[in-house]
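The first residue of the sequence shown is numbered 1, and numbering continues consecutively from there.
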Amino acid sequence: MAARLRIGIAGYGNLGRGVAAAVERCPDMELVGIFTRRDPGSIAPPRPDVPVLPWDELLAHREAVDVLILCGGSKADLPEHGPALAAHFTTVDSFDTHAKIPEYYAAVDDAARAGGHTAIVSVGWDPGMFSLNRLLGEALLPDGETYTFWGKGLSQGHSDAVRRVPGVAGGVQYTVPSEEAIEAVRSGRRPELTTRQKHRRECYVVLAEGADAAEVERAIVTMPHYFADYDTTVRFISAEELARDHAAMPHGGFVIRSGSTGAGSAQVVEYRLELGSNPEFTASVLVAYARAAARLHAAGQVGAKTVFDVPPGLLSPKSAEQLRAELL
């Protein structure tokens with residue numbers, strides 16, 4: 001029996017806990033360590049035999065980890081951690097600030113190549129699974145338009161950005177798609193839709209003591225890359241309301257390619273996700289790509305990669321022979 005893939009987790013919030021749960025469902029993997037910037041004693045691992053270790057001990061465990069899955073936020077954590085850790089580990093991360101992916105990729109690529117490692121960046125459902133479906137739609141229907149809708153659901157990255165605003169003690173953000181816009185696209189009419197016409201954003205915020213509500217709201221609705229291009233509402237609530245009404249993390253969305261072929265035959269291709277837990281599904285995607293990262297590294301393919309660079313067969317624990325027999 002082949003040795004199991006040794007997985008480390010860097011950061012243990014909602015996403016990190018999702019990764020731990022996903023690894024437990026993969027017989028070809030084992031969780032060998034959780035690395036945290038919090039007090040390790042404050043964290044309960046999924047099993048008693050999984051060590052919880054201080055962040056500053058990461059490099060001492062390089063030889064014990066085959067793939068390190070980075071579970072920090074895109075706003076402030078991954079821009080620093082991604083390149084720094086790719087220099088020493090084969091990594092997978094979920095960096096999701098779309099406008100900054102090219103520069104993030106370049107920084108991680110430089111570090112990974114210098115260290116001789118493989119780093120798959122921007123893995124999840126968007127970017128990630130939705131990215132692949134956008135690519136397929138364009139390739140299969142070159143005469144067409146692609147539309148992406150998110151939600152209704154709680155966005156981890158946008159919620160993290162809200163919580164980092166000075167004066168915010170807690171908060172979440174929901175992305176809400178326009179039903180009218182979705183139906184217009186499904187009809188095959190290829191409407192021209194602005195960012196504001198496709199979605200709105202709803203923020204529920206707990207103010208820190210003494211914070212200025214108007215200033216907090218202004219900082220949120222004008223935040224570039226996150227809220228500035230959308231109709232954004234900010235609702236201030238109590239900590240009790242946040243815990244009671246906003247603890248679940250559902251999400252989902254659609255990628256739709258509307259195009260035509262031949263003598264003008266209308267074709268509409270749709271990929272849909274309906275997720276009971278955003279972080280748990282994102283974690284499951286990260287874990288599948290960790291398997292691919294290890295295989296790419298073993299094949300000598302170093303540097304940064306994206307989902308566009310990874311053959312789908314590398315995601316599966318099944319052999320190429322099994323895949324041809326069972327899924328093709």
Side-chain angles (χ1 to χ4, degrees), residues 74 92-106 108-109 118-153 155 157-158 175-199 225-226 229-230 251-275 278 281-282 284-286 288-289 292-293 296 301 303-316 323 327-328:
S74 298
V92 180
D93 71 58
S94 60
F95 184 81
D96 67 357
T97 307
H98 290 265
K100 295 187 176 182
I101 287 175
E103 64 184 81
Y104 178 72
Y105 175 96
V108 173
D109 187 52
T118 307
I120 308 181
V121 304
S122 298
V123 169
W125 58 275
D126 197 8
M129 298 298 97
F130 276 15
S131 311
L132 286 174
N133 281 276
R134 286 189 285 264
L135 182 152
L136 288 171
E138 289 190 3
L140 301 179
L141 295 173
D143 178 11
E145 296 291 338
T146 299
Y147 303 85
T148 302
F149 296 93
W150 302 278
K152 179 180 181 181
S155 169
H158 286 73
T175 302
V176 184
S178 164
E179 290 296 330
E180 295 83 359
I182 292 173
E183 290 309 313
V185 171
R186 284 178 174 157
S187 73
R189 296 199 308 266
R190 298 195 221 173
E192 292 186 10
L193 299 170
T194 66
T195 295
R196 291 184 190 277
Q197 288 175 317
K198 291 194 294 181
H199 302 88
H225 306 305
Y226 286 86
D229 295 331
Y230 299 85
H251 217 320
F254 315 81
V255 173
I256 304 173
R257 180 70 174 181
S258 177
S260 59
T261 57
S265 301
Q267 318 280 14
V268 177
V269 179
E270 179 173 334
Y271 176 75
R272 177 182 181 185
L273 291 175
E274 188 169 343
L275 310 176
N278 182 359
F281 184 79
T282 300
S284 295
V285 182
L286 283 166
Y289 275 89
L296 289 171
Q301 295 195 38
K305 311 290 181 184
T306 74
V307 294
F308 301 139
D309 308 310
V310 179
L314 297 186
L315 305 177
S316 175
L323 293 174
L327 300 182
L328 194 58

Exercise. Would F95 and V123 count as a side chain to side chain contact (heavy atoms under 4.5 Å, CB included) if you check the C-alpha gap in whole Å, the side-chain angles of each, and the deciding distance to 0.1 Å?
Worked result: CA-CA 7 Å; F95 184 81; V123 169; over 6 Å; no
For this session: Take T148 and R134 through the test side chain to side chain contact (heavy atoms under 4.5 Å, CB included) and record every step on the way to the result.
Result: CA-CA 8 Å; T148 302; R134 286 189 285 264; 3.1 Å; yes
Problem set entry | side chain to side chain contact (heavy atoms under 4.5 Å, CB included) between H98 and D126, worked out | CA-CA 9 Å; H98 290 265; D126 197 8; 3.2 Å; yes
Exercise. Can you check side chain to side chain contact (heavy atoms under 4.5 Å, CB included) on V307 and S131, steps first, answer last?
Worked result: CA-CA 8 Å; V307 294; S131 311; 4.2 Å; yes
Problem set entry | Audit row: K198, D229, salt bridge (charged side-chain N to carboxylate O under 4.0 Å, His left out) steps and yes/no | CA-CA 11 Å; K198 291 194 294 181; D229 295 331; over 6 Å; no
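Pairing each heavy atom of E103 with each of K100, the nearest pair is CG-O, 3.2 Å. Heavy atoms only, all atoms of each residue included: V310 and A292 are closest at CG1-CB, 3.6 Å. Between V185 and P191, the shortest heavy-atom contact is CG2-CG, 3.9 Å. For the pair G303 and D109, the tightest heavy-atom approach, listed with the atom from each and the gap, is CA-OD1, 3.4 Å. The two atoms that bring A181 and L193 nearest to each other are CB-CD1, 3.8 Å, heavy atoms only. Of all the heavy atoms in I182 and P177, the pair that sits closest is CD1-CB, 4.0 Å.
For the residue pair S74/Y104, the side-chain donor-acceptor check at 3.5 Å is not satisfied. A donor atom on one side chain and an acceptor atom on the other are found under 3.5 Å apart for R189 and S187. Under the 3.5 Å distance criterion, with hydrogens and angles disregarded, a donor-acceptor pair is assigned to the side chains of T261 and Q267. Inspection of the S260 and R190 side chains reveals an N or O donor paired with an N or O acceptor under 3.5 Å. Side chain to side chain, R257 and T146 meet the donor-acceptor criterion of an N or O pair below 3.5 Å.
Atoms NE2 and OG1, from H199 and T194 in turn, are 11.0 Å apart once rounded to the nearest 0.5 Å.
Contact annotation: the side chain of L275 never approaches that of T282 to less than 4.5 Å [non-hydrogen atoms, C-beta and beyond]. Counting heavy atoms from C-beta on, the side chains of F149 and T175 never come closer than 4.5 Å.
In this structure a side-chain-to-backbone donor-acceptor pair under 3.5 Å is present from D93 to S122. The backbone N or O of F308 sits less than 3.5 Å from a side-chain atom of T306, completing a donor-acceptor pair. Put simply, the side chain of Y289 never gets that close to the backbone of G128: no donor and acceptor are under 3.5 Å apart. Of the possible donor and acceptor atoms, none in the side chain of Y147 sits under 3.5 Å from a partner among the backbone N and O of V255.
Checked against a 6.0 Å centroid threshold, the rings of W150 and H251 do not count as neighbours.
When the shell of 6.0 Å around CD of E274 is examined, it contains 12 or fewer heavy atoms from other residues, nucleotides or ligands.
Remark: R186 qualifies as a cation-pi partner of F254 under the 6.0 Å distance and 45° angle criteria applied to the six-membered ring.
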